[in-house]
Amino acid sequence: MEDKLFIYNTLGRKKELFKPIHSPHVGLYVCGPTVYGDAHLGHARPAITFDLLFRYLTHHGYKVRYVRNITDVGHLENDADEGEDKIGKKARVEQLEPMEVVQYYTNRYHNSMNALNVLPPSIEPHASGHIIEQIEFVKKILNTGLAYESEGSIYFDVEKYNQHHHYGKLSGRNIDELMDSTRSLEGQQEKRRPIDFALWKKANPEHLMHWPSPWSEGFPGWHLECSAMGTKYLGETFDIHGGGMDLMFPHHECEIAQSTAALGHESVNYWMHNNMITINGQKMGKSLGNFITLEELFTGSHPLLKQAFSPMSIRFFILQAHYRSTLDFSNEALQASSKGFSRLMDGYQRLQKLTPGTSSTVDVANLRQRCEEAMNDDLNSPIVIAHLFDAIKAINAVHDGLATISANDLAELKATMKDFVEDILGLQTNQLANDETTDAYHKAIDLLLNLRMEAKVKKDWETADHIRNQLTALGFEVKDTKDGFEWKL
RNA sequence: GGUCGGUUGGCCGAGUGGCUAGGCAGAGGUCUGCAAAACCUUCCACGGCGGUUCGAAUCCGCCACUGACCUCCA
């Protein structure tokens, strides 16, 4: 495979040609959810963005090892190094085992991702399952002298690290400004400086999740898990690390510092960050309480929603914007993309039934190339979709007898559409099931509509309308075409 | 306050120097027993001011507004 994909590297802030370290193998690490609540629309963004990348690379023959973690320990409630563990708090409030909370929300996360047709990653490691690796990682950093122990906890010495490395290289932050602006908080006396961050925390007596370590009974710092697990599964240097923009600082910045300190070199070649989903122009997030969970979207059970939206229309909505742009949520925007999605998929299904002519009067020859070019330009899915709509226009024209398409062009169009619609964008209809039951069911509906056709020929409008009305009442949509009919549920 | 972004037509959203983005909505038409769909045509645009250029939504400067991060958040 030829390397043609350009991706925007947050390090350097420009598009760069993607070259894997060990082609055809690609190592991809993406920050997954902290499982203490249901996934919301915001969580769908990175999942779909990196699913798109995963699918695209795989489609081009790369062997991708995609690691997406589950954070189930170490993510604290308030400040970086104080406050309660998010999982622990939920467990206490709900009177559950912490791992019960983790399992519950992990299952629900998987269900949502499955509904969105997000492929499962190759490895989905839990932070709590890699305590030993994280302790080893802390030891390595301690050996370099870039971390210090204080009352049973281990902190990263940011200032000392910055003497020989650049803390802030990813987020563009300046350490002097950080020293001035970082808040000094109560209970942080054990840290030398406010910008230092925890690698290991000694557990308070009431803390539910803790493990033995050389320094104290405690738990790992939040940033550590990604460094430790990324290194374990993808090696000391790997290709791509992704996540939401809001993780750029401090999470990813700290990750770089930890890994560089422990390994003595850079560990990630390309950093990719998806932008946020906004609602009324503001970031949708847990802290602001303005989020809509995926389940609420699928069922329409949120006061801000005027209707339910199918998982696929949510996926399409997200793919219609470039991943580095903010995407504003509104009922109107979602309805618009929902309708657009139907149009796309109706056309796609129509394509399967098209009959070829002797020659083509539509130009679909370079569709694949144009879609590839858009994808290669930093995964420009909205442009891909625009090209697909051009193809839909041609498909409809052929379907209506206003244009013709040759057998060769039709075969190529079908192949291209399948590759981009299904395999790369990951869009699917709800009628792809093809077992005996559905087959019989389709034939039964066709039978009914053929009877209606016969009635129409006899100008028996009463019978014809009756059949259509009854089917409509059952939720079917019946459309007459030039010489037949179309229907869908 | 610091750092970095954004400002495109009724809505969403691409686009980095000249050539149609696309979707949804609106208007007119074709088709049609009716309906729907489809198709054709069409309307609506680049925050403001100045500069560079033969030519700017696209480059530069200033201003305005707005967002993200700087505390947990995808």
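Numbered from 1 within each chain, the chains take letters A, B, ... in sequence-line order. Only a predicted model underlies this, so the values are computations on that prediction, with no experimental measurement involved.
- Within 4.0 Å (heavy atoms only), A:His40 reaches at least one base atom of the nucleic acid.
- Relative to the side chain of A:Trp222, the nucleotides B:A21, B:C24, B:C72 differ in distance, and B:C72 lies closest.
- When each of B:C39, B:G33, B:A14 is scored by its nearest atom to the side-chain atoms of A:Leu402, the top-ranked nucleotide is B:C39.
- Going from the P atom of B:G22 to that of B:G5 covers 30 Å, rounded to whole Å.
- Pair assignment for B:U66 gives B:G5, based on Watson-Crick or G-U wobble hydrogen-bonding distances that are each under 3.5 Å.
- Of the two residues near RNA chain B, A:Phe249 and A:Ala321, the one whose nearest nucleotide lies more 5' is A:Ala321.
- Among the atoms of the strands shown, base atoms are found under 4.0 Å from some heavy atom of A:Met276.
- Base-pair partner of B:C72: not found among the strands shown (Watson-Crick or G-U wobble, both distances under 3.5 Å).
- Side-chain contact between A:Asn274 and A:Met245 is absent, with no heavy atoms from C-beta onward closer than 4.5 Å.
- Among the nucleotides B:A38, B:A14, B:C24, the one closest to the side chain of A:Asp400 is B:A38.
- Taking atom P on both nucleotides, B:C11 is separated from B:G47 by 14 Å, rounded to a whole Å.
- The same atom, P, is picked in B:A57 and in B:U16; the two are 14 Å apart, to the nearest Å.
- The side-chain tip of A:Arg324 points at the ring of A:Tyr8 from less than 6.0 angstrom away and within 45° of straight on.
- With rounding to whole Å, A:His322 atom NE2 is found 13 Å from B:G6 atom P.
- Pairing partner, B:A45: none, since no Watson-Crick or wobble contact has both distances short of 3.5 Å.
- Here B:C24 is the nucleotide among B:C24, B:A21, B:C72 with the atom lying nearest to any side-chain atom of A:Arg343.
- Nucleic acid contact for A:Met248: none, since no nucleic acid atom lies under 4.0 Å from a heavy atom of the residue.
- Residue A:Lys393 is in sugar-phosphate contact alone, with no base atom involved, counting any heavy-atom pair closer than 4.0 Å across all strands shown.
- To the nearest angstrom, P of B:C12 lies 11 Å from CG of A:Asn280.
- Among the protein residues, A:Thr326 comes within range of the sugar-phosphate backbone only, with heavy atoms under 4.0 Å from sugar or phosphate atoms but none that close to a base.
- Nearest-nucleotide positions on RNA chain B for A:Gln335 and A:Asp246 put A:Gln335 closer to the 5' end.
- Counting any heavy atom pair closer than 4.0 Å across all strands shown, A:Gly281 reaches sugar-phosphate atoms only and no base atom.
- Taking atom P in both B:C60 and B:C24, the straight-line distance is 35 Å, to the nearest Å.
- Residue ring and nucleobase are not stacked for A:Phe389 and B:G23 under a centre distance beneath 5.5 angstrom and an angle between planes beneath 30°.
- Taking only distance into account, the side chain of A:Arg468 never meets the base of B:A36 through a donor-acceptor pair shorter than 3.5 Å.
- Ring centers of A:Phe219 and A:His210: at least 6.0 Å apart, outside the cut-off.
- Judged by atom type and distance alone, A:Asp465 reaches the base of B:G33 through a side-chain donor-acceptor pair under 3.5 Å.
- Side-chain N/O atoms of A:Ser325 include none lying less than 4.0 angstrom from OP1 or OP2 on B:G6.
- Nearest nucleotide to the side chain of A:Glu477, out of B:A36, B:G33, B:C11: B:A36.
- For B:C43 and B:C59, the P atoms lie 28 Å apart once the distance is rounded to whole Å.
- Between A:Arg343 and A:Asp346 there is no salt bridge, since no side-chain nitrogen of the basic residue lies less than 4.0 Å from a carboxylate oxygen of the acidic one.
- Checked against B:C70, B:C12, B:A14, the side chain of A:Phe317 finds its nearest nucleotide in B:C12.
- Spacing between atom NE2 of A:His251 and atom P of B:U71 amounts to 16 Å, rounded to whole angstrom units.
- At the heavy-atom level, A:Val478 lies under 4.0 Å from base atoms of the strands shown.
- With B:G33, B:G13, B:G15 as the choices, the nucleotide that has an atom nearest any side-chain atom of A:Leu327 turns out to be B:G13.
- Side-chain proximity of A:Lys339 to the nucleotides B:G2, B:A25, B:G33 is greatest for B:A25.
- Within 4.0 Å of A:Lys283, counting heavy atoms only, lies at least one base atom of the nucleic acid.
- Across all strands, A:Ala333 comes closer than 4.0 Å only to sugar-phosphate atoms, never to a base (heavy-atom distances).
- If you take NZ of A:Lys286 and P of B:A68, they are 18 Å apart, rounded to a whole angstrom.
- Listed candidates were B:A14, B:A38, B:G22. Nearest to the side chain of A:Arg350 is B:A38.
- We find that CG of A:Leu425 is positioned 14 Å from C1' of B:G22, with the value rounded to whole Å.
- Spacing of C1' atoms, B:U42 relative to B:A25, comes out at 14 Å, to the nearest Å.
- For B:A21, there is no paired nucleotide, since no Watson-Crick or G-U wobble pair has both relevant distances below 3.5 Å.
- Counting heavy atoms from C-beta outward, A:Lys14 and A:Asn9 have side chains that stay 4.5 Å or more apart.
- Counting distance only, with no hydrogens placed and no angle test, the side-chain atoms of A:Asp480 and the base atoms of B:C34 include a donor-acceptor pair under 3.5 Å.
- Straight-line distance between the P atoms of B:C46 and B:C12: roughly 16 Å, to the nearest whole Å.
- No hydrogens or angles considered: nothing links the side chains of A:Glu296 and A:His40 as a donor-acceptor pair under 3.5 Å.
- Judged by Watson-Crick or G-U wobble contacts below 3.5 Å, the nucleotide B:A14 has no partner.
- Between A:His273 and A:His252, the ring center distance clears the sub-6.0 Å criterion.
- Relative to the ring axis of A:Tyr36, A:Lys286 places its NZ or CZ within 45° and under 6.0 Å from the centre.
- If you take atom C1' in B:G23 and the same atom in B:G18, they sit 27 Å apart, rounded to whole Å.
- Set against B:A14, B:G22, B:G23, the side chain of A:Ala336 has B:G23 as its closest nucleotide.
- A close approach under 4.0 Å does not occur between any side-chain nitrogen or oxygen of A:Asn174 and OP1 or OP2 of B:U3.
- Within 4.0 Å (heavy atoms only), A:Asn274 reaches at least one base atom of the nucleic acid.
- Here A:Arg173 does not pair with A:Glu253 in a salt bridge; the nearest charged N to carboxylate O distance is not below 4.0 Å.
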